[in-house]
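We count ligands from 1, going down the list as the structure has it; atoms in each ligand are counted the same way.
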Amino acid sequence: MKANSLVRFLILNLCALAIATSAAFAQTAVQTKLGRDPKVAIDEEYTKKIREYTTETFFNSPLTDYLPASSKVPTPKAVLGDVSGAPGILPYSHEVYRYMRMLESSSPRVKVYSIGKTEEGREMIAVAVSSEANIAKIEENRAKLAKLADPRTINLNDDEAEKIIADTVPVYYITGTIHSPETGSPTALMELAYRLAVDESPYVKQIRDNLITLITPVVEVDGRDRQVDVYKWHLANPEKNWPGLIYWGHYVAHDNNRDAMAMSLQLTRNVLNTFTNWRAQVLHDLHESVPYLYDNTVGDQPYNAWIDPILADEWHLIGWYNVGEMNKFGMPGVFTHGTFDTWSPSYLMFIAASHNGISRLYETFGNGGADTVERTLSPSEYSRTWYKQNPPLPKARWSQRNNNNYQQTGLLVSLAHFSTNGKYFLRNFYTKSKNSILKPKTAGPAAYVFPGDDPRPGGQAELLRLLQMQGCEVHRATAPFTVTLPAKKKPARPAPAETRAAGNGDGNGGQEKKETTTRTFPAGSYIVRMDQPYSRIADMMLDYQYWAPNDPQRNIYDDTAWTFGELGNVQVVRVVDVKALDAAMEKVNGEVKAVGGVNGSGSVYLINHNADNALVTLRYRFKAAQFDAAEEPFEAAGTKFNRGSFVIRGVNQNDLHRAAGELGLKVYATDAAPSVKTHPIRAARVAVMHTWLSTQDEGWWRLEFDKYKVPYDYISTQDVAKDANLRAKYDVIIFAPVGRGNPQQIVSGMPMFGNPLPWKTSELTPNIGKIDSTDDMRPGLGWDGLQNLQDFVRRGGLLITSNDTANFAVSFGLTPGVSIAPPQRLRVTGSVLRSKTIDAASPIMYGYNDNLAIFCANGPIFNLSNTVGGRGGRRPGGETPERMTGRGTPDDPDTPQNRPPAELPEPPKAEAWEATPLTAEQLRNGVFVIPPSARPRAVLRYADSRELLVSGLLEAGNEIAQHAAVIDAPYEQGHVVLFSNNPFWRGETQGSYFLVFNAILNFDQLNAGRKVAEK
Ligand SMILES: [Zn+2]
């Protein structure tokens, strides 16, 4: 189907849908007319200000061009000193909360709930607004919603459900300002709460009587307070450029809206818990980056493949209705559909989509502060398209008040629509919950099984805990059980162990007739049953993703893959066979935990290295103890130990037992150390270095270092520029991806035109400058910094780089023999790729089996050479033998005439991950030849083309297939380690973390197990 005909098809379908559903609506309630009841008294002064700050009358609606008066309830002016959206006013979170609590104490229709803290200890709240009657029986209502949310409690009885629906009101959850530079929502939501509490117009009464509106006015509270600081600095320095918001949350910036699966951030957990505890039906998240209101509820293809189709229909219904009503108000620039694909479930709003609710998102138009300014749009923004019949104006004076008008009008239209049809949506909610429970019998799978003999029990427990956090129930088999699985495909999908391949993404839902095999799982295996209300989120996270290279969607919005079992290096088997559900099992009460502790007696302690992340925590917990790593596998205490296993001396057994129990690590006490060769692994002194350009991607690294309690100094490129002896302080410097760092920019920083950009704590800016600070964000690493970094490595330090910072290290000559080839047609859009171990003896690979899945987003294509400046590596398609025109077939040698044929020298051959062997010609005067011990050592590579894709999108994968993914490049006394993958990505790549932790722990022993070439 061509794009145009597809669009027509969708529109026709949509019309049919609208007719069908309006019939259904007629049974529930008649839509009340939107707008003010003339009898409602107006707050004249406030209303006047609204009109004054709205730059054109058509940037307002009949719903928000007035404010209802109240004798008891204070308006936002009580806190703001002016109306919501007034120029120059941006409240801190505590001011917003103060107002919400004023509403609570002055109106029985409002109740404020504390929903948790942020990383920096700031409070998050949710404000419930509804009728007095609904507020009074809020717990009763919640209990009824809980039954609809888990239809098992009513035996999936539809009649029973109908009775509950008749007597229950739904919950509509709105979240504001997760993205800190998108500043309008808090004031819009303050005023919205006021309107909902006091307006006696029929349509607002309708909302109040039939719905609980739940509002979190500030999601990213830490970032909000910093943004207000920056804005205040700007107001105090009106003629100057202001510092960009380099830190939003404590760890990450806009990626705080990519955390709905991994839930690494407090804000995600707090919103998820609120959504599921309230059994809300909608999560509506507010953003501000598109003029003037893009309701991306409808979104674009491809839709996430695991949602209930009912949800897709709800998106269409709600989205088109919403913009339809707003268009009737004559407000320009209101549209839905757009180009946002709805594939990744990582957005905050998707908490609803993955938990049987409805996800929604607005992009309105903000000025990043409260200035009123003229805004000029680009043609792509102001052009008319089929879904944008009344586009935004090419140029307009735009105010925060305009933004607040759009936000509130959209929300009021939505709330009116949703409350009018509350029974319809509650019925859908129940049906979606029921469908989730029926999954094993309908689409499948029946369950995901986590085998009881996974060599990484710590990683396994961690992933299961995450699913528990998502609201999933986890069971544990009390006896072995056997299920039927699809037979292996040919060739078998590469897998670390034979145990891995069988169900790995090959579960075909029983759609195809295929040969089958059986598999028995041991007692103690974990089972995530799909006959539970939140089966969908587990299925989304654990399944495989496939994004077709020829997908019509060309503006891919985000990652195309996230398969958690693969990225976590945890065995997960998708089981379609419903017999799995009959296995003897019990529900795990409390968190899943790996079992740990000390067994046996003796003063030497052995721990198998299985790349479980808790191992690094243990090393740093016993900083003073002697830890050694075995350079070869060995057997002791009747157990097999991998290469890299820990041999520990000098610890108190009780302390170790306690720590190992907490961390889920099995420790074997023995009397003597094994006879295998070992080297010390030290609690290395680590620095995490950031730029002042962006801290977005390094934040994900920092977060995991904190989580696993790896201590580090947090330093900037400017600190490095000032410190000529970094080696005295540090063993390892981590230079995580910058995200937007071309090598020159890392050195040069921001342009030095204009005024300094301070990032410092001051009276005016109390919330910034705490994570790190500088008088001026503009200078970069500089040439001194580069020199200092080089000296650090030269003197035995380890520099760890990834993606753009690997490119930085290569570009500035820190990695002789490594080069990066430009991609031609390669597309790896946040995908999961298969790797192969090249050098299992490298300490970086300790604890790993082969075939690790790694996360790649157009990572650099590394080539190796034995000479400085050599490009090295095999070029794609360069396998055809090169010969000149002459006699014979392409494989024949040419033959000069009138002399005997000469014997041709064998051309040097190398694999894509190797350097081409040196020729005698190159060795004759080897000025550029790298001595064998100084050559880069490739330890991990991308798999061969046909095995490369694990999940997501991969196009022209042959360009990166087989190329090195992880390289250990010696540099005088030290090393630079380069990652083409990103080992720390959004809390999703737990399986790759230990590549970095290994490098850290073995920073001065990276040459262990190395085979050095003779020449
Ligand atoms: Zn945003």
Side-chain angles (χ1 to χ4, degrees), residues 90 93 118 124 173-189 215-228 230-231 244-249 251-261 265 267-268 270-271 283-300 319 333-336 338-353 359-370 375 377-378 380-381 392 398 400 402-404 406-408 410-411 555-559 694-697 699-700 739-740 986:
L90 221 52
S93 60
T118 67
M124 286 179 71
Y173 188 18
I174 302 165
T175 48
T177 197
I178 184 175
H179 282 169
S180 305
E182 301 164 13
T183 49
S185 307
T187 48
L189 293 172
I215 299 169
T216 290
V218 185
V219 172
E220 175 58 272
V221 189
D222 298 334
R224 170 66 179 189
D225 287 357
R226 278 190 266 280
Q227 172 67 40
V228 176
V230 168
Y231 185 64
L245 197 67
I246 183 88
Y247 296 96
W248 300 14
Y251 293 111
V252 297
H254 53 81
D255 265 13
N256 60 6
N257 194 30
R258 301 294 184 276
D259 190 42
M261 287 187 286
L265 306 172
L267 64 87
T268 320
N270 294 339
V271 169
L283 179 57
H284 191 153
D285 196 29
L286 302 178
H287 291 255
E288 299 164 34
S289 66
V290 180
Y292 296 128
L293 190 154
Y294 170 30
D295 177 356
N296 79 8
T297 300
V298 174
D300 198 2
V334 178
F335 65 101
T336 189
T339 56
F340 166 82
D341 73 64
T342 312
W343 176 246
S344 165
S346 63
Y347 312 104
L348 187 81
M349 62 163 177
F350 235 77
I351 285 172
S359 56
R360 297 196 65 187
L361 191 148
Y362 280 171
E363 295 281 5
T364 58
F365 197 42
N367 289 344
R375 298 292 299 270
L377 307 184
S378 65
S380 69
E381 290 172 313
W398 191 254
Q400 181 175 231
N402 294 359
N403 185 30
N404 280 192
Y406 272 76
Q407 290 175 309
Q408 289 188 71
L411 288 168
N555 307 308
I556 305 177
Y557 201 81
D558 207 74
D559 292 345
S694 169
T695 60
Q696 159 67 38
D697 289 1
W700 290 119
R740 58 166 88 153
R986 295 177 173 173

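- Taking the Zn ion (ligand 1) as reference, the nearest N/O/S atom within H179 carries the name ND1.
- Of the charged side-chain nitrogens involved, none lies within less than 4.0 Å of a carboxylate oxygen, so that R258 and D559 do not count as a salt-bridged pair.
- Checking E363 against the Zn ion (ligand 1), every N/O/S atom stays at or beyond the 2.8 Å cut-off.
- Taking the Zn ion (ligand 1) as reference, H287 places its N/O/S atom ND1 nearest.
- Two residues are said to be in side-chain contact when any heavy atoms from C-beta on lie closer than 4.5 Å; I174 and Y362 fail this criterion.
- Not a single N, O or S atom of H254, from either the backbone or the side chain, sits less than 2.8 Å from the Zn ion (ligand 1).
- Between the side chain of T336 and the main chain of D295, a donor-acceptor pair closer than 3.5 Å is present.
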(request) Would you sort out whether D300 and T339 count as a side chain to side chain donor-acceptor pair (under 3.5 Å), showing the intermediate values? (result) CA-CA 5 Å; D300 198 2; T339 56; over 6 Å; no

